[in-house]
Amino acid sequence: MADVEYLKSQLTAHPDFPKKGIVFLDIFPILRNPIAFETLITHLVHHLTSHTLATSPSKKIDVVVGLDARGFLLGPIIALRLGAAFVPVRKQGKLPGQCVSATYEKEYGTDSFEMQADAIQAGQTVIVVDDLIATGGSAKAAGELIAKQGGKTLEYLFIIELMFLKGGAKLDAPVYSIVQSDD
Ligand SMILES: O=P(O)(O)OC[C@H]1O[C@H](OP(=O)(O)OP(=O)(O)O)[C@H](O)[C@@H]1O
Ligand SMILES: Nc1ncnc2[nH]cnc12
């Protein structure tokens with residue numbers, strides 16, 4: 001619990017960014033501080049090994065999917081610590097080769113996500129990682145891309161969950177977030 005309070009204390013809130021009415025919660029102060037960054041990664045990996053893996057019938061995580069762009073800062077580190085593959089979900093038009101795509105609505109706009117079509121094999125177990133869940137649109141689109149390839153999403157992992165937007169209700173697997181925000 002102490003690490004949760006510590007990580008929460010590192011976050012900063014920016015009213016009216018990037019649009020009026022949005023309170024933007026910034027995770028970059030955590031990454032600027034190596035002790036906080038290590039605390040964050042250790043917390044997430046401990047959750048995955050002691051809870052997610054322990055309660056999953058398959059007892060393995062094959063793939064960590066990170067969402068463009070801030071999920072790319074967490075996903076590869078977590079994947080390396082687990083001995084899992086890292087697979088990026090990118091905004092449309094950025095990935096070479098054949099891709100699968102899904103369109104989604106966000107807290108402040110619309111976007112399309114893509115994943116390389118051979119990135120996940122049927123039956124592989126997957127964890128989705130991002131910095132924050134707001135409406136859940138991004139994470140839902142990522143879940144659709146994983147399902148299209150026959151992957152099984154075990155859990156969606158975030159630093160911050162905006163509880164009032166109820167994004168987790170859109171998803172096909174449980175959500176784990178370190179910090180829950182009500183405003
Ligand atoms: O739950 P949602 O309503 O989908 O919103 C959450 C997403 O919004 C933010 O990314 P953003 O789209 O701003 O892109 P960025 O990471 O490239 O800044 C955030 O990093 C999540 O990916
Ligand atoms: N309020 C918010 N803060 C940071 N990132 C976000 N992405 C969507 N909503 C956000």
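Note that ligands are numbered from 1 as they come in the structure, with each ligand's atoms numbered from 1 the same way. For clarity, every value in this text was computed on a predicted model and none was experimentally measured.
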(message) With a cutoff of 4.0 Å, is K140 in contact with ligand 1, counting heavy atoms of the residue only?
(response) no
(message) For L67, which part has a heavy atom under 4.0 Å from ligand 1: side chain, backbone, both, or neither?
(response) neither
(message) At less than 4.0 angstrom from any non-hydrogen atom of A134, what atoms of ligand 2 do you find?
(response) 8 (C), 9 (N)
(message) Any nitrogen or oxygen of L25 lying under 3.5 Å from a nitrogen or oxygen in ligand 2? Just yes or no.
(response) yes
(request) Report yes or no: does a heavy atom of I27 sit under 4.0 Å from some atom of ligand 2? (result) no
(request) State which residues pass side chain to side chain donor-acceptor pair (under 3.5 Å) with T42; sequence neighbours excluded, sorted by chain then number. (result) E38
(request) Check if H14 has a non-hydrogen atom at a distance under 4.0 Å from any atom of ligand 2. (result) no
(request) Below 4.0 angstrom from a heavy atom of V23, which ligand 2 atoms are there? Numbered from 1 as shown, please. (result) 1 (N), 2 (C), 3 (N)
(request) Could you give me the CA-CA distance, side-chain angles and deciding distance for I120 and I146, then say whether side chain to side chain contact (heavy atoms under 4.5 Å, CB included) is met? (result) CA-CA 7 Å; I120 292 176; I146 293 160; 3.9 Å; yes
(message) Below the 3.5 angstrom mark, is there an N/O of L132, backbone or side chain, next to an N/O of ligand 1?
(response) no
(message) Can you tell me which portion of I160 lies within the under-4.0 Å heavy-atom range of ligand 2? Options are side chain, backbone, both, or neither.
(response) neither
(request) Flag yes if L67 and L162 sit in one hydrophobic cluster, no otherwise; membership is Ile, Leu, Val, Met, Phe, Trp, Tyr, and two members link when side-chain heavy atoms are under 4.5 Å apart. (result) no
(request) Classify the contact between K19 and ligand 2 as side chain, backbone, both or neither, using a heavy-atom distance cut-off of under 4.0 Å. (result) neither
(message) So if I count the atoms of ligand 2 from 1 in the order they appear, which ones are less than 4.0 Å from some heavy atom of L162?
(response) 1 (N)
(message) Among residues at least two apart in sequence or on other chains, which ones pass side chain to side chain donor-acceptor pair (under 3.5 Å) with T49?
(response) none
(message) Could you tell me, atom by atom, which parts of ligand 2 come under 4.0 Å of a heavy atom of L132?
(response) 2 (C), 3 (N), 4 (C), 5 (N), 6 (C), 7 (N), 8 (C), 9 (N), 10 (C)
